[in-house]
Amino acid sequence: MATYQALLTLTILLLLNVPLVTPCNFPAIFNFGDSNSDTGGLSAAFGAAPPPNGETFFKRPVGRYSDGRLVIDFIANSLGLPYLNAYLDSIGTNFSHGANFATAGSTIRRENRTLFQSGYSPFSLDVQTWQFNQFISRSQYVYEKGGIYREILPTQDIFSKALYTFDIGQNDLTSGYFSNLTTMEVISYMPDLMQRFTNLVKVIYDLGARNFWIHNTGPIGCLPYVLVRVPTVATKKDQIGCGKVFNEVAQLFNAKLKETVGQLRKELPSATLIYVDVYSVKYEMFKNPDKHGFENPLVSCCGHGGKYNYDVNAGCGATMRVNNTDILLGKSCPDPLKKVCWDGIHYTEAANRFIFEQIADGKYSDPPVPLNLACKSSL
């Protein structure tokens, strides 16, 4: 994959008559986000994601809410790096190539409710930032002890050379709707989300980060868990069956996020900040599934019953006890490779691969910089 991306980038540069640029050779990735990029954080803290999660690639659950790899996994692989270990995972972890602070259910602003009350993670973006701060100081202290620690922890110089990836915001929008807020009330707190995001990016910058790769949020109105849980708003559909209002709110969030990243470029001139439009890529899978090898994109692969194969009370991997025997309700579909949505909330490995392949060459980036050149503000 890494060789393919390098050749693709080289071909594009030659066709555009652009002078050849040396790839960034990122030594590490530090990721912040929610379940779209959680490689085991929530599972380490609150219990493992159950089977059949992980069945397609890993052949077992590995903390990802998908049948296989996530976009962040493909990003790491393309840069020649191992898959990221979750910061919260204490067993068999190696952080020499970076760390993942994302957890499923995370938000930009604090929910101030427990996971058991709201379904949202207590590890909001500010908490992830605090964890990163501690990671820097504690890892360097322990690194100096030598021995095995020098094999599993990063050196100090890595922090300024690493790629910092962000994929967060989806839960901030859905939490409002799930709390019975109106669309206008959800929109009203977007400025606060942007201010918090700005402040936290600056904190991470002050800790040494210089290369930022920031995903916008996806078309939440195409996801079964939103369509099922907020039926009154979901009644207004677009031409492909997605919730129109939800997607309009997501697009407004993205417009504000793009403006925010633009302002951060002015305030942090020593940093490279790349805004990545994953919304358009994800919506394309729902709009033209046949073109990309998918089918029935609004129907979950792993779930139980209903129009979208999604039941809020019996999710992917859910079981029911009958005569002292556990009966699996949330079953996987026969061919996850043909599905876009894994469990009504998250994407399949096939969808995540498609997303990565579309964004890697920079055509969905602002500025239009490929992933492996994301340490450069322009070409």
Exercise. Quick one: disulfide bond (SG atoms under 2.5 Å apart) partners of Cys222, sequence neighbours excluded?
Worked result: Cys242
Problem set entry | Asn199 side-chain N/O to Arg196 backbone N/O, donor-acceptor pair under 3.5 Å | no
Exercise. Could Asp126 and Arg110 be called an ion pair, given the rule that one side-chain N must be under 4.0 Å from one carboxylate O?
Worked result: yes
Under 3.5 Å, which donor-acceptor pairs do the side chains of residues 102-109 form with other protein atoms, sequence neighbours left out?
unit_1, atom_1, unit_2, atom_2, d
Thr103, OG1, Ser106, OG, 2.5
Thr103, OG1, Ser121, OG, 2.7
Ser106, OG, Thr103, O, 3.0
Ser106, OG, Phe123, O, 2.7
Ser106, OG, Gln128, NE2, 3.2
Thr107, OG1, Arg109, O, 2.5

Problem set entry | Check: Ser300 and Asp343 side chains under 4.5 Å, non-hydrogen atoms | no
Exercise. Is any side-chain heavy atom of Leu79 less than 4.5 Å from a side-chain heavy atom of Asn372?
Worked result: yes
Problem set entry | Note, Asp73 side chain near Phe57 side chain (heavy atom, < 4.5 Å) | no
For this session: Verify, without hydrogens or angle tests, whether Lys339 (side chain) and Asn296 (backbone) share a donor-acceptor contact under 3.5 angstrom.
Result: yes
Exercise. Where is the tightest heavy-atom contact between Trp342 and Pro52, given as atom of each residue plus distance?
Worked result: CZ2-O, 3.7 Å
Exercise. Got a donor-acceptor contact below 3.5 angstrom from the Asp38 side chain to the Asp34 backbone?
Worked result: no
Exercise. About how many Å separate CG of Leu207 and OG1 of Thr129, when rounded to the nearest 0.5 Å?
Worked result: 8.5 Å
Problem set entry | Contact summary for Leu298 and Ile240, nearest pair of heavy atoms | CD1-O, 3.5 Å
Exercise. Are any side-chain N or O atoms of Arg210 and backbone N or O atoms of Ala271, one a donor and one an acceptor, separated by less than 3.5 Å?
Worked result: no
For this session: May I ask you to decide if Val299's main-chain N or O and Asn309's side chain share a donor-acceptor pair within less than 3.5 Å?
Result: no
Problem set entry | Pairs satisfying disulfide (SG to SG under 2.5 Å), at least one member in residues 73-187, at least two apart | none
Problem set entry | From CA spacing to verdict: side chain to side chain donor-acceptor pair (under 3.5 Å), Ser139, Tyr149 | CA-CA 9 Å; Ser139 66; Tyr149 298 113; over 6 Å; no
Exercise. Taking the six-membered ring for Trp, are Tyr225 and Phe178 ring centroids under 6.0 Å apart?
Worked result: yes
Exercise. Do the side chains of Arg64 and His346 get nearer than 4.5 Å, heavy atoms only?
Worked result: no
Exercise. Are Leu328 and Tyr65 connected in a single hydrophobic cluster, I mean Ile/Leu/Val/Met/Phe/Trp/Tyr linked by side-chain heavy atoms less than 4.5 Å apart?
Worked result: no
Exercise. Do side-chain atoms of Tyr275 reach the backbone of Asn254 as a donor and acceptor pair under 3.5 angstrom?
Worked result: yes
Exercise. Would you say Phe159 and Gln140 make side-chain contact, with heavy atoms under 4.5 Å?
Worked result: yes
Exercise. Does the separation of the ring centres of Phe354 and Tyr347 fall below 6.0 angstrom?
Worked result: no
For this session: Return yes when the gap between the SG atoms of Cys333 and Cys302 is under 2.5 Å; return no otherwise.
Result: no
For this session: Using a strict 4.0 Å threshold on nitrogen-to-oxygen distance, state whether Asp206 and Lys202 make a salt bridge.
Result: no
Exercise. Does Val278 offer a backbone N or O that forms a donor-acceptor pair with the side chain of Asn216 under 3.5 Å?
Worked result: yes
Exercise. Side chains of Phe212 and Val201: closer than 4.5 Å at any heavy-atom pair?
Worked result: yes
For this session: Taking all non-hydrogen atoms of both residues into account, name the closest pair between Pro336 and Ala350 and its distance.
Result: O-CB, 4.4 Å
Exercise. Strictly by modelled atom types, are Ser37 and Asp167 linked by a side-chain donor-acceptor pair under 3.5 Å?
Worked result: no
Exercise. Quick one: NE2 on His215 to OG1 on Thr165, what's the gap to the nearest 0.5 Å?
Worked result: 7.0 Å
Problem set entry | Check: Leu371 and Ile359 side chains under 4.5 Å, non-hydrogen atoms | no
Exercise. Is the backbone of Leu84 close enough, under 3.5 Å, to the side chain of Thr39 for a donor and an acceptor to pair up by distance?
Worked result: yes
For this session: May I ask you to decide whether Arg60 forms a salt bridge with Glu55, counting only side-chain N to carboxylate O separations under 4.0 Å?
Result: no
Exercise. Considering residues, nucleotides and ligands other than Lys237, do more than 12 of their heavy atoms fall under 6.0 Å from its NZ?
Worked result: yes
Problem set entry | Lys/Arg cation over aromatic Tyr83: Arg69, 6.0 Å, 45° cone | no
Exercise. Side chain of Tyr364, backbone of Ile355: donor and acceptor closer than 3.5 Å?
Worked result: no
Seminar exercise, completed: side chain to side chain donor-acceptor pair (under 3.5 Å) pairs touching residues 315-325, sequence neighbours excluded, are Arg321-Asp326
For this session: Kindly state each residue pair satisfying disulfide (SG to SG under 2.5 Å) with at least one member in residues 69-109, sequence neighbours excluded.
Result: none
For this session: Output the distance between atom OG1 (Thr348) and atom CZ (Arg353), rounded to the nearest 0.5 Å.
Result: 10.5 Å
Exercise. With sequence neighbours excluded, what pairs up with Ser175 under the side-chain hydrogen bond (donor to acceptor under 3.5 Å, both in side chains) test?
Worked result: Glu111
Exercise. So, for Tyr164 and Phe30, is the gap between ring centers shorter than 6.0 Å?
Worked result: yes
For this session: May I ask you to check whether over 12 heavy atoms, not counting those of Lys363, lie within 6.0 Å of atom NZ?
Result: yes
Problem set entry | Asn247 vs Gln251, side chain to side chain donor-acceptor pair (under 3.5 Å): CA-CA, chis, key distance, verdict | CA-CA 6 Å; Asn247 283 349; Gln251 289 173 305; over 6 Å; no
